[in-house]
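What follows is a set of notes on a single structure, which appears directly below.
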Amino acid sequence: MAKINFGGVEENVETREEFSLEKAREVLKNETIAVIGYGIQGPGQSMNLRDNGFNVIVGQRPGKTFDKAVKDGWVPGETLFSIEEACKRATIIEYLLSDAAQIEVWPTVKANLTAGKALYFSHGFAITFSDRTGVIPPKDVDVIMVAPKGSGTSLRSLFLEGRGINSSFAIYQDATGKARERTLALGIGVGSGYLFETTFKRETWSDLTGERGTLMGAIQGMLLAQYETLRENGHSPSEAFNETVEELTQSLMPLFAQKGMDWMYANCSTTAQRGALDWMGPFHDATKPVFEKLYHSVKTGNEAQISIDSNSKTDYREKLNEELKALRESEMWRTGETVRKLRPENN
């Protein structure tokens, strides 16, 4: 475990150099890892573990997702089972269903959590809001978490590139005395680069805030506001989109990701730098109250309850698809579809 300085604050971080893949294999050599759910995180984590030489099986209900698992090389009756059967066979249960599905399937999983097993999450939602989800593990099992900082698709693609993705990790309950080693071994096994120590609550609150904030909700809201302002002032759809989205994603964000905001600023015109420095304050002051309101809604469980109520409805998927369809068919994103086709690499 290394201590790394982040802007003047030291944090505990585990690396692949300190906790090698060989050590991870040794720690888990007698374990059977059941990945329950083959939706967002399931495919990437299970296939990375399999490719890294761990004993992995998948538990999934019949349907399109089950068929996808078969296409990915999981063999029914050998490495692909019903959720109940996979839980019975496992010593470590990776509980990777959606938050709403975790509530629904919990009685089946709990019935197969015998003493000494480990219950693994990639999001702390079910445990953090256990008073609302009903997910309360028995006291004689380890309860652990590895939360990759990206989608399961990114986890898999970066693994195949030989890179990896950073993850958070946490131990909620150490019943066996082996919870930490199990957690770190699984983190390395699923393809993590660096592993940042956290708690279930902190991961949940930051994750829900991030998704609703700068990662998804806030960015869409701000992009749309600027696009609409340009359009309302006579700019064409292509010009509004290029100045709002295309330049951000194709030119500026790669610079930002490479060396930070100051590096991005330094590679822009002095006019752009001056304007950005002058206007970041008003944008901060305008949005800070929104983020504070958002965080309060997350921390008090309001956002969790909204998700539970919404995602538990039988017509949830249909309504979600309607909202996504409206987003996809908006002028801004229909314009984006055309602009992307005109990128030089596509011609």
Side-chain angles (χ1 to χ4, degrees), residues 28 31-109 112 119-123 125-126 145-165 167 186-192 207 211 215-216 307 310-325 327-328:
L28 301 179
E31 305 269 20
T32 298
I33 306 161
V35 174
I36 306 302
Y38 207 74
I40 304 300
Q41 283 288 333
Q45 293 202 31
S46 61
M47 287 192 284
N48 289 0
L49 284 165
R50 182 177 65 186
D51 290 353
N52 271 334
F54 295 89
N55 182 24
V56 191
I57 60 176
V58 172
Q60 177 61 41
R61 291 176 286 196
K64 291 182 180 179
T65 309
F66 187 96
D67 297 339
K68 181 182 184 305
V70 173
K71 289 180 181 178
D72 286 342
W74 302 100
V75 181
E78 294 182 16
T79 55
L80 178 59
F81 302 93
S82 68
I83 290 175
E84 182 176 12
E85 183 63 26
C87 289
K88 285 180 181 177
R89 291 171 176 257
T91 57
I92 298 172
I93 297 172
E94 287 203 6
Y95 205 23
L96 302 184
L97 293 167
S98 69
D99 295 326
Q102 284 186 10
I103 298 171
E104 178 189 348
V105 178
W106 176 240
T108 298
V109 174
N112 291 285
L119 179 63
Y120 165 113
F121 295 88
S122 282
H123 182 29
F125 185 101
M145 176 175 63
V146 174
K149 298 296 98 181
S151 71
T153 302
S154 299
L155 181 72
R156 181 60 177 167
S157 62
L158 290 171
F159 175 85
L160 292 174
E161 291 174 18
R163 294 167 61 189
I165 195 169
S167 301
L186 288 162
I188 297 301
V190 301
S192 303
D207 188 76
E211 290 169 348
L215 300 179
M216 297 173 70
S307 294
S310 173
N311 299 348
S312 299
K313 293 178 180 177
T314 55
D315 62 347
Y316 162 70
R317 182 59 60 180
E318 290 77 9
K319 289 187 175 180
L320 174 65
N321 287 336
E322 287 176 11
E323 291 182 87
L324 293 175
K325 183 173 183 287
L327 185 64
R328 184 173 62 252

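In this text the structure is predicted, and so the values were computed from the model without any measurement.
No option in L96, L97, I57 other than L97 meets the side-chain contact (heavy atoms from CB on, under 4.5 Å) test with I36.
Nearest approach of Y38 to A69, heavy atoms of both residues: CE2-CA, 3.5 Å. The shortest non-hydrogen separation linking G39 to T65 is N-CG2, 4.4 Å. Contact between F121 and Q102 at its shortest, heavy atoms only, is CE2-OE1, 3.6 Å. Summarising the geometry of A86 relative to F81, their closest heavy-atom pair is N-CB, 4.0 Å, with the distance given to 0.1 Å. Taking each heavy atom of S157 and S154 in turn, the nearest pair found is OG-O, 3.2 Å. Considering all non-hydrogen atoms of both residues, S151 and Q41 come closest at C-NE2, 3.7 Å.
Annotation: the span from L155 atom CG to N48 atom CG amounts to 5.0 Å, rounded to 0.5 Å. To the nearest 0.5 Å, atoms CG (N112) and CD (E85) are separated by 8.5 Å. To the nearest 0.5 Å, atoms OG (S312) and CG (D99) are separated by 10.0 Å. Annotation: the span from T314 atom OG1 to K319 atom NZ amounts to 8.5 Å, rounded to 0.5 Å. Here the NZ-CG distance, from K149 to D207, works out to 5.5 Å after rounding to the nearest 0.5 Å. For the atom pair NZ (K64) and NZ (K71), the distance works out to 10.5 Å, reported to the nearest 0.5 Å.
S122 places a side-chain N or O within 3.5 Å of a backbone atom of V146 that can act as its donor or acceptor partner. In this structure a side-chain-to-backbone donor-acceptor pair under 3.5 Å is missing from S310 to S307.
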Hey, mind stepping through L49 and E94 against side chain to side chain contact (heavy atoms under 4.5 Å, CB included) and telling me if it holds?
CA-CA 12 Å; L49 284 165; E94 287 203 6; 3.4 Å; yes
Report the C-alpha distance between V105 and Y95 in whole Å, list the side-chain angles of each, state the deciding distance to 0.1 Å, and finish with yes or no for side chain to side chain contact (heavy atoms under 4.5 Å, CB included).
CA-CA 10 Å; V105 178; Y95 205 23; 3.6 Å; yes
Decide yes or no on side chain to side chain contact (heavy atoms under 4.5 Å, CB included) for D51 and R156, but give the supporting numbers first.
CA-CA 11 Å; D51 290 353; R156 181 60 177 167; 2.9 Å; yes
Evaluate side chain to side chain contact (heavy atoms under 4.5 Å, CB included) for Y120 paired with V190, printing each intermediate quantity in order.
CA-CA 12 Å; Y120 165 113; V190 301; 4.0 Å; yes
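With a 4.5 Å cut-off on side-chain heavy atoms, L186 and F54 do not count as touching. Counting heavy atoms from C-beta on, the side chains of W74 and V56 come closer than 4.5 Å.
Side-chain polar atoms of T91 and E31 form a donor-acceptor pair below 3.5 angstrom.
By the side-chain contact (heavy atoms from CB on, under 4.5 Å) test, E104 is found to be paired with R61, residues two or more places apart in sequence or in another chain being considered.
At a threshold of 4.0 Å, the pair K68-D72 counts as salt-bridged, since one of the basic side-chain nitrogens sits closer than that to a carboxylate oxygen.
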